[in-house]
Asker: 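Here it is, the structure in full.
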Amino acid sequence: MNASGKFVISLDFELLWGVRDTATPESYGGNILGVWQALPGMLELFDAYGVNATFATVGMLFASSKEELLSFLPEDKPAYANPNLSPYNGHFDLMRDTEAEDKYHYASELIGLIRQYPGQEISTHTFSHYYCLEQGQDLDDFRADMQAAINIARSRNIELKSLVFPRNQFNSNYLKVCAELGIDSYRGNEEVWFHQAVNGQGENLWRRAFRLADAYVNISGHRCHALPDIAKEYPYNIPSSRFLRPYSPKLRFLEGLRLRRILKSMEYAAKHGKVYHLWWHPHNFGSFQAENLAFLQKILEQYQALHQKYHFESITMRELADSIKKKEHA
């Protein structure tokens, strides 16, 4: 039998910081506030099925008050050509002073809840939901942003060791900074043209259409990855395999295909000793929570069956990077 496969789950934990340029509390507030119920439900399922997940968290969410948040702001800030991308352009004026008043911009309580569940990893989604491919930002801005994320996490006694690039805007030029700051791994994009890293101007209808179709029909393959390939470069690229699309009433007749697409790829990874990396945002579960959590439970039931049959292993990004480093040192 091949070496046991790995099951990696990462969640882009961002609340309103990740959608602020395209959504408002009025247009998307239900999904954001729904995180406060959906995330505890996910944690309970992970705990019940023995699954360890990586919560890639925007650094600003660590704060419990505006005063605390402002004390960690970096001196160097991105000057995006699109000013709507920057939280520093008047967005703080929309915030309330404390977490008790504002569940859109603070999440220290939820971060504390994650820490109560053994095996779960808190990693970084940068400090400000930083866009690494947009015009108007540079390497020094990125370094300052990442250092701010590390600083606010350390104030909670959390060491950040893995990274998820916001909007999947992977930038290879920034990996040296990641290594300098102690980031061992990151989530790379699926290796197919409609998942390649682009900025906002590079996104288009064709890419979105192919991604949607691929969620139900096997267009791009299983997108599973061999451990030796992940170990080739440092920081380690732990590529995405599949985005877990949320439940859609309009597409509910396709739910069986959506589930089958994921379960078949998980089985392939388990049989062939490869890594399967599933990801989503907690706010994707903010609406239709019962349907989304029930769908997730079916995935975790498949994991448990594959764990028993093929020794398929649930592992965080940090744990996977640590296991590679241990083998290299040996």
Asker: What closest approach, in Å, do Thr124 and Ala149 show between heavy atoms, and which atom pair accounts for it?
Answerer: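 Looking at all heavy atoms of both residues, the shortest contact is OG1-CB, 3.7 Å.
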Asker: Decide side-chain contact (heavy atoms from CB on, under 4.5 Å) for Leu163 and Cys178; before the verdict, give the C-alpha distance in whole Å, the side-chain angles of both, and the deciding distance to 0.1 Å.
Answerer: CA-CA 8 Å; Leu163 164 70; Cys178 293; 3.6 Å; yes
Asker: With a 4.5 Å limit on heavy-atom distance, are the side chains of Gln297 and Leu300 in contact?
Answerer: no
Asker: Just by distance, do the side chain of Lys66 and the backbone of Phe92 share a donor-acceptor pair under 3.5 Å?
Answerer: yes
Asker: Could you check whether any side-chain N or O of Gln169 sits under 3.5 Å from a backbone N or O of Leu133, counting only pairs where one atom can act as donor and the other as acceptor?
Answerer: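 Such a contact is found between Gln169 side chain and Leu133 backbone.
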Asker: Work out which heavy atom in His225 is nearest to a heavy atom in Ser241; give both atom names and the distance.
Answerer: CD2-OG, 4.1 Å
Asker: CZ of Arg223 to CG of Asp214: how many Å apart, nearest 0.5 Å?
Answerer: 8.5 Å
Asker: With ring-ring contact (aromatic ring centres under 6.0 Å, His included) as the rule and sequence neighbours excluded, what pairs involving residues 246-268 come up?
Answerer: His222-Tyr268, Tyr247-Phe288, Tyr268-His272
Asker: Count I, L, V, M, F, W, Y as connected when their side-chain heavy atoms are under 4.5 Å apart, and connections chain through other members. Are Phe72 and Ile122 then in the same cluster?
Answerer: yes
Asker: Side chains of Lys326 and Ser323, heavy atoms from C-beta outward: is any pair under 4.5 Å?
Answerer: no
Asker: Does some side-chain heavy atom of Ile299 sit less than 4.5 Å from a side-chain heavy atom of Leu278?
Answerer: yes
Asker: Is the side chain of His277 donor-acceptor paired with the backbone N or O of Val8 at a distance under 3.5 Å, no angle test?
Answerer: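 Absent.
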Asker: What is the distance from atom CG of Leu320 to atom CG of Asn52, rounded to the nearest 0.5 Å?
Answerer: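 Answer rounded to 0.5 Å: 12.0 Å.
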Asker: After noting the C-alpha distance and the side-chain angles of Leu11 and Thr57, does the key distance pass the side-chain contact (heavy atoms from CB on, under 4.5 Å) rule?
Answerer: CA-CA 8 Å; Leu11 298 98; Thr57 307; over 6 Å; no
Asker: Within this structure, what is the CG-CZ distance for the pair Asn31 and Phe285, rounded to the nearest 0.5 Å?
Answerer: 11.5 Å
Asker: With side chain to side chain donor-acceptor pair (under 3.5 Å) as the criterion, how do Arg187 and Asn168 come out once you've worked through the C-alpha distance, each side chain's angles and the decisive distance to 0.1 Å?
Answerer: CA-CA 8 Å; Arg187 188 183 73 208; Asn168 295 313; 3.0 Å; yes
Asker: Do Met146 and Thr126 make a side-chain contact, defined as non-hydrogen atoms from C-beta onward lying under 4.5 Å apart?
Answerer: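 When only atoms from C-beta onward are counted, Thr126 and Met146 do touch, with a gap below 4.5 Å.
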Asker: Rounded to the nearest 0.5 Å, how far apart are CZ of Arg258 and CG of Leu263?
Answerer: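 Result: 11.0 Å between the selected atoms.
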Asker: Can you confirm whether the side chains of Tyr236 and Asp184 place a donor and an acceptor under 3.5 Å from each other?
Answerer: no
Asker: Exactly one of Asn89, Asp21, Leu85 should register a side-chain contact (heavy atoms from CB on, under 4.5 Å) with Tyr80. Which one does?
Answerer: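 Answer after filtering Asn89, Asp21, Leu85: Leu85.
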Asker: Got a donor-acceptor contact below 3.5 angstrom from the Glu233 side chain to the Ile230 backbone?
Answerer: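 Flag not set: sc Glu233 to bb Ile230 has no pair under 3.5 Å.
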Asker: Excluding sequence neighbours, so at least two apart, what forms side chain to side chain contact (heavy atoms under 4.5 Å, CB included) with Glu121?
Answerer: Thr54, Ser123, Ser162, Thr316, Met317, Arg318
Asker: With side-chain contact (heavy atoms from CB on, under 4.5 Å) as the criterion, how do Gln302 and Glu267 come out once you've worked through the C-alpha distance, each side chain's angles and the decisive distance to 0.1 Å?
Answerer: CA-CA 8 Å; Gln302 168 81 333; Glu267 183 178 17; 4.0 Å; yes
Asker: Do the side chains of Asp229 and Lys232 get nearer than 4.5 Å, heavy atoms only?
Answerer: yes
Asker: State whether the side chain of Glu101 and the backbone N or O of Thr98 hold a donor-acceptor pair below 3.5 Å, judged by distance alone.
Answerer: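 Side chain of Glu101 to backbone of Thr98: a pair is present.
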Asker: Is there a path of hydrophobic side-chain contacts, each under 4.5 Å between heavy atoms of I, L, V, M, F, W or Y residues, that connects Phe13 with Leu16?
Answerer: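 Looking at the clustering, Leu16 is in the same group as Phe13.
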Asker: Looking at Trp280, I'd like to know if the NZ or CZ of Arg245 sits under 6.0 Å from its six-membered ring centre while staying within 45 degrees of the ring's axis.
Answerer: no
Asker: Would a hydrophobic clustering, with Ile, Leu, Val, Met, Phe, Trp and Tyr connected at side-chain separations under 4.5 Å, put Tyr276 with Val164?
Answerer: no
Asker: Report whether Val51 and Ile315 are members of the same hydrophobic cluster (ILVMFWY, side-chain heavy atoms less than 4.5 Å apart, transitive linking).
Answerer: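 In one cluster with Val51: Ile315, no.
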Asker: Do His129 and Tyr131 make the cut of ring centroids closer than 6.0 angstrom?
Answerer: yes
Asker: Does any part of the side chain of Tyr104, heavy atoms only, come nearer than 4.5 Å to the side chain of Leu94, both counted from C-beta?
Answerer: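 Of all side-chain heavy-atom pairs linking Tyr104 with Leu94, none is under 4.5 Å.
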Asker: Would you call the rings of Phe165 and Phe170 parallel, tilted or perpendicular, where under 30° means parallel and over 60° means perpendicular?
Answerer: perpendicular
Asker: Less than 4.5 Å apart, any side-chain heavy atom of Phe142 and any of Pro78?
Answerer: no
Asker: Which heavy atom of Pro87 sits nearest to which heavy atom of Met60, and what is that distance?
Answerer: CG-CE, 3.9 Å
Asker: Tell me, yes or no, whether the heavy-atom count around Arg115 atom CZ, taken from other residues, nucleotides or ligands under 6.0 Å, exceeds 12.
Answerer: yes
Asker: Just checking, is any N or O donor in the side chain of Ser10 or Trp279 under 3.5 Å from an acceptor N or O on the other one?
Answerer: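 No, no side-chain donor-acceptor pair sits under 3.5 Å.
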Asker: To check you understand the geometry: which heavy-atom pair defines the closest contact between Lys103 and Leu15, and what is its length?
Answerer: O-CD1, 3.6 Å
Asker: Looking at Pro74, is its backbone amide N or carbonyl O close enough to the side chain of Lys77 to form a donor-acceptor pair, meaning the two atoms are under 3.5 Å apart?
Answerer: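 Present.
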Asker: Check for a donor-acceptor pair, side chain of Glu68 on one end and backbone N or O of Ser64 on the other, with a separation under 3.5 Å.
Answerer: yes
Asker: Assess the side chains of Ser128 and Asp145: does a donor N or O sit below 3.5 Å from an acceptor N or O?
Answerer: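 Judged by distance alone, the side chains do pair up.
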Asker: Do the side chains of Met95 and Leu69 get nearer than 4.5 Å, heavy atoms only?
Answerer: yes
Asker: Between Arg252 and Glu291, is a side-chain contact (heavy atoms from CB on, under 4.5 Å) present by the stated rule, with each step listed?
Answerer: CA-CA 10 Å; Arg252 60 183 179 275; Glu291 292 84 354; over 6 Å; no
Asker: Find the distance between CG (Leu61) and OG (Ser108) and round it off to the nearest 0.5 Å.
Answerer: 9.5 Å
Asker: Which atom names give the shortest non-hydrogen contact between Phe312 and His307, and what distance separates them?
Answerer: O-ND1, 2.7 Å
Asker: Quick one: does any side-chain atom of Asn284 pair with a main-chain N or O of His281 as donor and acceptor, under 3.5 Å?
Answerer: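 The answer is yes, because a donor-acceptor pair under 3.5 Å joins these two groups.
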Asker: Can we call the ring centroids of His125 and Trp17 under 6.0 Å apart?
Answerer: no
Asker: I'd like to know whether CZ of Arg156 has more than 12 heavy-atom contacts from other residues, nucleotides or ligands below 6.0 angstrom.
Answerer: yes
Asker: So if you build clusters from Ile, Leu, Val, Met, Phe, Trp, Tyr with side-chain heavy-atom gaps below 4.5 Å, do Phe295 and Val35 land together?
Answerer: yes
Asker: Please check this pair: side chain of Asn292 against backbone of Ser287, looking for a donor-acceptor N/O pair closer than 3.5 Å.
Answerer: yes
Asker: Output every pair passing ring-ring contact (aromatic ring centres under 6.0 Å, His included) with a member in residues 27-71, not counting sequence neighbours, ordered by first then second residue.
Answerer: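 Sorted pair list: Tyr28-His283.
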Asker: For Asn151 and Gln147, which I'm curious about, is there any donor-acceptor pair between the side chains at under 3.5 Å?
Answerer: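 On atom types as modelled, these side chains qualify, holding a pair under 3.5 Å.
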Asker: How many angstroms lie between CE in Met42 and CD in Glu44, if you round to the nearest 0.5 Å?
Answerer: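 CD of Glu44 is found 11.5 Å from CE of Met42.
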Asker: Taking the side chain from Glu14 and the backbone from Val19, do they hold a donor-acceptor pair closer than 3.5 Å?
Answerer: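 No; zero donor-acceptor contacts below 3.5 Å.
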Asker: If you compare all heavy atoms of Leu45 against all heavy atoms of Leu296, which two are closest, and at what distance to 0.1 Å?
Answerer: CD1-CD2, 4.0 Å
Asker: Salt bridge (Lys or Arg N to Asp or Glu O under 4.0 Å) between Asp76 and Arg143: does it pass, once the steps are laid out?
Answerer: CA-CA 9 Å; Asp76 294 329; Arg143 180 183 285 106; over 6 Å; no
